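Here the structure is a predicted model, which means the values were calculated and not measured.
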Amino acid sequence: MKEKRGSFSGKIGFVLAAAGSAVGLGNLWRFPYLAAQHGGGIFIAVYIILVVSFGFSLLLLELAIGRKTKKSSIEAYKILHDKFGFLGYLASAVPIIILPYYCVIGGWVLKYMCTYFTGGGTAAADSSYFGSFISGNVSPLIYFVIFLVLTLAVVVGGVQSGIERVSKIMMPVLLLLTIGISVYICTLPNAWEGIKYYILPDISNLSIGTVCAAMGQLFFSMSIAMGIMVSYGSYVKDDIDLNGCVNYIELFDTAVALLSGFMIVPVVYIFNGGVTTGGPGLMFETLPQVFVSMPFGNIIGALFFVLVLLAALTSSISIMEAIVSILMDKFHVKRIVAVLITTAFTIILGIPSALGFGLWSNIKILGMDILTFFDYLSNSIMMPIVALCTCILGGWCIKKEVLEGEITKNGESFGRRMVYRVMVKFIAPVFLIMILVYYTLLQFGLVK
């Protein structure tokens with residue numbers, strides 16, 4: 001028997017769950033690094049402009065598709081237009097590829113949190129600690145599976161009892177931790193030098209690379225083109241103001257990203273002489289070296305990795321939910337069955353990423369390790385294509401009243417209606433092609 005479709009209890013539950021999906025690992029270390037590398041204030045200004053135009057439009061578009069069809073991505077696109085059935089499968093493949101390697105990275109975060117809580121901050125600061133851990137053949141697998149189990153424990157509870165209930169706890173705690181650590185960091189001696197480095201614009205760094213970096217970050221930050229927001233939109237009740245919810249989601253997500261910069265850039269600048277690395281190198285190698293050299297460093301390190309773990313979990317929960325929703329819609333199975341199927345293939349697909357720096361480190365795909373390849377395939381290729389096709393569907397292939405009517409179905413105001421129309425139909429497709437081309441060239445060293 002087909003299981004009754006879940007729904008969020010109301011506006012607050014939906015906003016916190018969607019914001020939880022948006023706030024992930026990318027906000028907490030990728031955003032600060034990119035901001036520092038692309039001119040500080042210039043990058044931030046470009047990013048905010050894109051959030052309120054590009055990000056707003058694509059997020060609202062996906063949520064409207066979900067609520068209009070009451071289906072996950074595998075079915076939703078075909079319902080709107082029978083020639084876009086292929087897009088449902090393409091969009092559904094994105095979270096399937098992302099979840100395994102994301103849980104591997106989540107396992108790394110869990111390992112570091114445990115290290116700090118057991119007083120191992122000094123050991124974590126050793127330059128060989130991270131490489132030794134990820135090149136192991138057992139420990140990365142154990143932490144990967146534990147993180148995956150934490151994720152499924154929430155998703156198996158359903159929309160209201162699982163995702164919404166946990167989001168209502170996690171998101172306020174995450175925000176308070178971010179504010180608390182940021183305030184502490186900004187009160188350290190010489191912190192102002194790092195703050196200036198972070199927020200003051202450097203006009204010489206305004207380039208096509210700056211814009212593409214900001215747009216790429218937007219995908220990571222707002223869970224666009226992963227099928228997640230289509231699934232979440234399908235759980236939104238008809239009396240909830242979608243446009244108003246998107247305003248809160250983009251505000252929450254951007255606030256956490258900006259606060260993360262105040263939390264990371266000044267402290268690394270003070271103790272490390274500038275932000276010199278990004279990605280895993282910043283979080284798992286540079287920051288532990290910083291924490292060990294600062295007052296109360298072990299406590300701050302422990303709190304920081306609690307914060308990062310919460311962010312990682314809220315995102316992995318939404319990614320798994322997108323897959324579970326797809327299985328329930330397509331094969332009409334119960335939630336528990338869909339969760340177990342998702343868990344099984346996540347373990348199978350996650351093992352290569354977990355061992356890709358150790359036992360299987362000799363395996364390279366297009367010159368990339370296994371985890372990096374999956375990340376490149378999903379984020380730099382598939383997601384821009386999914387978003388581009390979604391814009392073509394929403395802007396050109398169905399009447400504008402179909403989705404705009406869903407956005408304003410209860411007579412709600414739609415203040416950025418023209419921004420939405422112009423972005424979806426004209427500007428966003430151009431941006432998405434830029435992202436696709438730029439990141440492909442960047443991956444192969446053809447641009448800087």
Item checked: CA sep, side-chain torsions, deciding dist, call: Phe84, Tyr77, ring pair (Phe, Tyr, Trp, His ring centres under 6.0 Å) -> CA-CA 6 Å; Phe84 279 79; Tyr77 294 104; 7.9 Å; no

Notebook entry, point to check: How far apart are the C-alpha atoms of Tyr248 and Lys11, what are their side-chain angles, what is the distance that settles it, and do they pass the side-chain contact (heavy atoms from CB on, under 4.5 Å) test?
Noted result: CA-CA 10 Å; Tyr248 286 112; Lys11 182 175 181 178; 3.6 Å; yes

Check: Could you go step by step and tell me if Met215 and Val211 meet the side-chain contact (heavy atoms from CB on, under 4.5 Å) rule?
Finding: CA-CA 6 Å; Met215 285 191 290; Val211 177; 3.8 Å; yes

Notebook entry, point to check: side-chain contact (heavy atoms from CB on, under 4.5 Å) between Val265 and Tyr33: does it pass, once the steps are laid out?
Noted result: CA-CA 8 Å; Val265 175; Tyr33 164 69; over 6 Å; no

Item checked: CA sep, side-chain torsions, deciding dist, call: Val23, Ser315, side-chain contact (heavy atoms from CB on, under 4.5 Å) -> CA-CA 7 Å; Val23 175; Ser315 289; 5.9 Å; no

Next item on the list: For the pair Phe43 and Phe31, evaluate ring pair (Phe, Tyr, Trp, His ring centres under 6.0 Å) and give the outcome as yes or no after the intermediate values.
Entry: CA-CA 10 Å; Phe43 177 88; Phe31 180 89; 5.7 Å; yes

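Note on residues 404-413: pairs passing salt bridge (Lys or Arg N to Asp or Glu O under 4.0 Å), not counting sequence neighbours, are Arg67-Glu406, Asp238-Lys409, Glu404-Arg417, Glu404-Arg421, Glu406-Lys409.
A ring-centre distance under 6.0 Å is not found for Phe144 and Tyr101. Proximity of the aromatic rings of Tyr198 and Trp192 is defined here by a centroid distance below 6.0 angstrom, and this criterion is not met. Checked against the 6.0 Å centroid threshold, Phe291 and Phe304 count as a close aromatic pair.
Summarising the geometry of Gly261 relative to Pro266, their closest heavy-atom pair is O-CD, 3.1 Å, with the distance given to 0.1 Å. Here the shortest heavy-atom pairing between Gly20 and Met171 reads CA-SD, 3.3 Å. Scanning both residues, Met170 and Leu310, for their nearest heavy atoms gives CG-CD2, 3.9 Å. The two residues Ile435 and Pro384 make their nearest non-hydrogen contact at CG2-CG, 4.0 Å.
For Phe147, the ring-ring contact (aromatic ring centres under 6.0 Å, His included) criterion is met by no residue, not counting sequence neighbours. Every side-chain contact (heavy atoms from CB on, under 4.5 Å) that Pro95 has, sequence neighbours left out, goes to Ile319, Ala322, Ile323. Under the salt bridge (charged side-chain N to carboxylate O under 4.0 Å, His left out) criterion, Glu321 pairs with Arg335, not counting sequence neighbours. Taking the ring-ring contact (aromatic ring centres under 6.0 Å, His included) definition, one finds that Tyr102 meets it with nothing, sequence neighbours left out. Residues satisfying the side-chain contact (heavy atoms from CB on, under 4.5 Å) test with Ser221, not counting sequence neighbours, are Asn27, Tyr47, Gln217, Asp253.
Remark: the backbone N or O of Ala311 is paired with a side-chain donor or acceptor of Thr314 at under 3.5 angstrom. Ser135 places a side-chain N or O within 3.5 Å of a backbone atom of Gly131 that can act as its donor or acceptor partner. Side chain of Asn298 to backbone of Gly121: a donor-acceptor contact under 3.5 angstrom is found. The closest donor-acceptor contact from the side chain of Ser223 to the backbone of Ser21 lies under 3.5 Å. A distance-only check finds no donor-acceptor pair linking the side chain of Thr346 to the backbone of Pro100 [under 3.5 Å]. The backbone N or O of Phe54 sits nowhere less than 3.5 Å from a side-chain atom of Ser57 that would complete a donor-acceptor pair. Within the 3.5 Å criterion, the main-chain N or O of Cys103 finds no donor-acceptor partner in the side chain of Ser316. Judged by distance alone, the side chain of Ser139 and the main-chain N or O of Ile134 form no donor-acceptor pair under 3.5 Å. Judged purely by atom type and a 3.5 angstrom limit, Ser207 uses its side chain to pair as donor or acceptor with the backbone of Gly209. Between the side chain of Thr254 and the backbone N or O of Leu251 there is no donor-acceptor pair closer than 3.5 Å.
Below 30°, between 30° and 60°, or above 60°: for Tyr112 and Phe305 the angle between ring planes is between 30° and 60°, a tilted geometry. Using cut-offs of 30° and 60° on the angle between ring planes, the pair Phe284 and Phe130 is parallel. Aromatic ring orientation, Trp396 versus Phe426: perpendicular (interplanar angle above 60°, classes split at 30° and 60°).
For the pair Cys186 and Ile195, the minimum side-chain heavy-atom distance is below 4.5 Å. Considering only heavy atoms from C-beta on, Cys245 comes within 4.5 Å of Ile240 through its side chain. Taking the side chain as every heavy atom from C-beta outward, Leu432 and Phe219 approach each other to under 4.5 Å. Residues Thr115 and Tyr129 form a side-chain contact, since some pair of their non-hydrogen atoms from C-beta on lies under 4.5 Å apart. Looking at heavy atoms from C-beta onward, Asn247 lies in side-chain contact with Arg416 at the 4.5 angstrom threshold.
In Phe444, the CZ atom is crowded: over 12 heavy atoms of neighbouring residues, nucleotides or ligands sit closer than 6.0 Å. Counting non-hydrogen atoms of neighbouring residues, nucleotides and ligands closer than 6.0 angstrom, the CZ atom of Arg165 reaches no more than 12 such neighbours. Counting non-hydrogen atoms of other residues, nucleotides and ligands closer than 6.0 Å to CD1 of Ile365 gives a total above 12.
Inspection of the Asp375 and Thr372 side chains reveals no N or O donor paired with an N or O acceptor under 3.5 Å.
If you take CG on Leu307 and CG on Leu176, they are separated by 10.5 Å, rounding to the nearest 0.5 Å. In this structure, the separation between CD1 on Ile407 and CG on Leu60 is 3.5 Å, given to the nearest 0.5 Å.
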